[in-house]
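Input: a single structure, listed below in structure tokens.
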Amino acid sequence: MALVPVAEALERLLDGAVPLASESVPLFEAVDRVLAEPVVALRTQPPFNASAMDGYAARAADVASVPARLSVIGMAPAGRGFDGSVGERQAVRIFTGAPLPDGADTIVIQENVRDIGGGDIEVTEPTAEWRNIRRIGLDFSKGDVLLEKGRLLDPAALSLAASANHPRVSVVRRPLVAIIATGDELLPPGSELGPDQIISSNAYGVAAAAQSVGARALDLGIAADRKEAIAALVKKAVVAGADVIVTLGGASVGDHDLIHDVLTGEGMRLGFWKIAMRPGKPLMFGRLGETRCIGLPGNPVASLVCSQLFLKPLLARLGGRNHRQDIRKARLGAAMPANDLRQDYVRAVVQEDAGVLVATPFSIQDSSMLRMLADANGLIVRPPFTPAAAVGEACSVLMLR
């Protein structure tokens, strides 16, 4: 089977991927969710002319020139308006958020008022008409579309939905990703290792990648290198309603690389297998009914690079999100050899120097070295058959953070 170019593999993987069905959730559970329907105002805000300051509601004509003496005829705290009307040379003590009393058309702030006793005040600064008043509908009116479909719900958006009297919102369902690690040599972190065993680390990075684009991660643990053990966890993922099944390791061509046989045996329609990229050549993709299956390489770096390039865009699409890889132009900080038929993703440190990004690749690029990936903040992207490059030559960098 010929190696599939990266761009073609991504196109095949995303083909037919559309946002999942909607669900209604309370506002307290809606942060970082994607709106499936617009949010329309159910009320007008403010619902009345409201005081924007603590002070005195009065008639502008009475306080246009100062000093002006007014009689205080009542009080209007927030949540309880004054039941009456303000007449000539009268005022009502008012607090922020309270409705403007009938007859009043301005608010004199309390700093510009002096109590002269006997229920009277003296205004010391002139105040114009409609000063310090929030007019009815200043923020929005009933029926206004406040948040469009597809909006990612951040704190301001959630507060706005609440202000419009929505206790719940309709959001795109978060994709569920079932993660299955494979390998007799693997044990979970915290285990006592035997002489031939290693720690299973890939699942944690893959789960984090999934969660970073709003998906839910279901860790199904480690399957032994036996077809029946892997098949049992695949069935468990299907029963759980996984939108995507991610397997880790076992997708290559060795005697113990069983993922292809197990998934096709369960009915998976193979989309592609083996990509013209480094690291990540053994990547596999297929469809098991409505569930998408991605077989990631077992090497930790390859697994995480493929998650960045393929898993995150797929999950973002299913979750209704806009997701674009952060590709930037840079200059090489070290010489690089010629490339072969595979597209390379080379771990590098990217720094700004005199306004120019400089990407310096690590000298060793072994796909088992996680520490180097954690230290890298970018991947230099080298297309197939790229010639050798000298220091200072232009390059493209996929930023990781």
Side-chain angles (χ1 to χ4, degrees), residues 24-66 68 70-114 121-171:
S24 176
V25 299
L27 290 186
F28 275 120
E29 299 175 15
V31 65
D32 206 33
R33 302 293 297 273
V34 176
L35 277 177
E37 298 176 2
V39 171
V40 177
L42 301 178
R43 59 185 291 273
T44 294
Q45 176 63 20
F48 43 73
N49 293 325
S51 177
M53 302 289 285
D54 291 347
Y56 293 84
R59 302 189 325 152
D62 292 336
V63 293
S65 59
V66 293
L70 304 177
S71 297
V72 179
I73 61 172
M75 183 177 295
R80 191 171 69 252
F82 175 71
D83 187 17
S85 181
V86 175
E88 185 177 357
R89 301 289 178 181
Q90 292 181 334
V92 168
R93 181 74 167 109
I94 196 167
F95 297 88
T96 303
L100 183 70
D102 290 343
D105 57 9
T106 193
I107 302 294
V108 181
I109 62 174
Q110 62 187 18
E111 293 87 344
N112 294 337
V113 170
R114 186 168 65 89
I121 58 172
E122 183 179 78
V123 178
T124 58
E125 293 288 337
T127 307
E129 187 178 22
W130 296 110
R131 189 69 180 272
N132 303 316
I133 295 171
R134 298 187 177 117
R135 302 292 291 270
I136 183 172
L138 174 67
D139 198 356
F140 53 80
S141 297
K142 184 177 180 179
D144 287 351
V145 176
L146 303 179
L147 300 168
E148 297 287 353
K149 177 181 177 180
R151 169 68 182 262
L152 190 66
L153 291 169
D154 56 16
L158 288 169
S159 291
L160 178 58
S163 180
N165 206 25
H166 286 273
R168 307 175 68 89
V169 284
S170 177
V171 295

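This one's a predicted model, so the numbers in the text were calculated from it and none came from an experiment.
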Could you walk me through whether D54 and T96 pass the side-chain hydrogen bond (donor to acceptor under 3.5 Å, both in side chains) check?
CA-CA 5 Å; D54 291 347; T96 303; 3.0 Å; yes
Got a donor-acceptor contact below 3.5 angstrom from the [X] side chain to the [Y] backbone?
X	Y	answer
S71	Q90	no
R168	S24	yes
N112	V123	no
T44	K142	yes
S159	P155	yes

With sequence neighbours excluded, what pairs up with D32 under the salt bridge (Lys or Arg N to Asp or Glu O under 4.0 Å) test?
R321
Is [Y] close to [X] at the side-chain level, that is, under 4.5 Å between some pair of heavy atoms?
X	Y	answer
S163	R43	yes
I107	T127	no
I94	F82	no
L27	L153	no
N49	D105	no
Y56	L70	no

Separation of N165 CG from Q45 CD (nearest 0.5 Å)
10.5 Å
Pairs where residues 83-96 contributes a residue and the test salt bridge (charged side-chain N to carboxylate O under 4.0 Å, His left out) is met, not counting sequence neighbours
none
Could you give me the CA-CA distance, side-chain angles and deciding distance for V169 and V25, then say whether side chain to side chain contact (heavy atoms under 4.5 Å, CB included) is met?
CA-CA 6 Å; V169 284; V25 299; 4.3 Å; yes
Considering residues at least two apart in sequence or located in another chain, which fulfil the side-chain contact (heavy atoms from CB on, under 4.5 Å) criterion with A164?
A41, F140, L146, H166
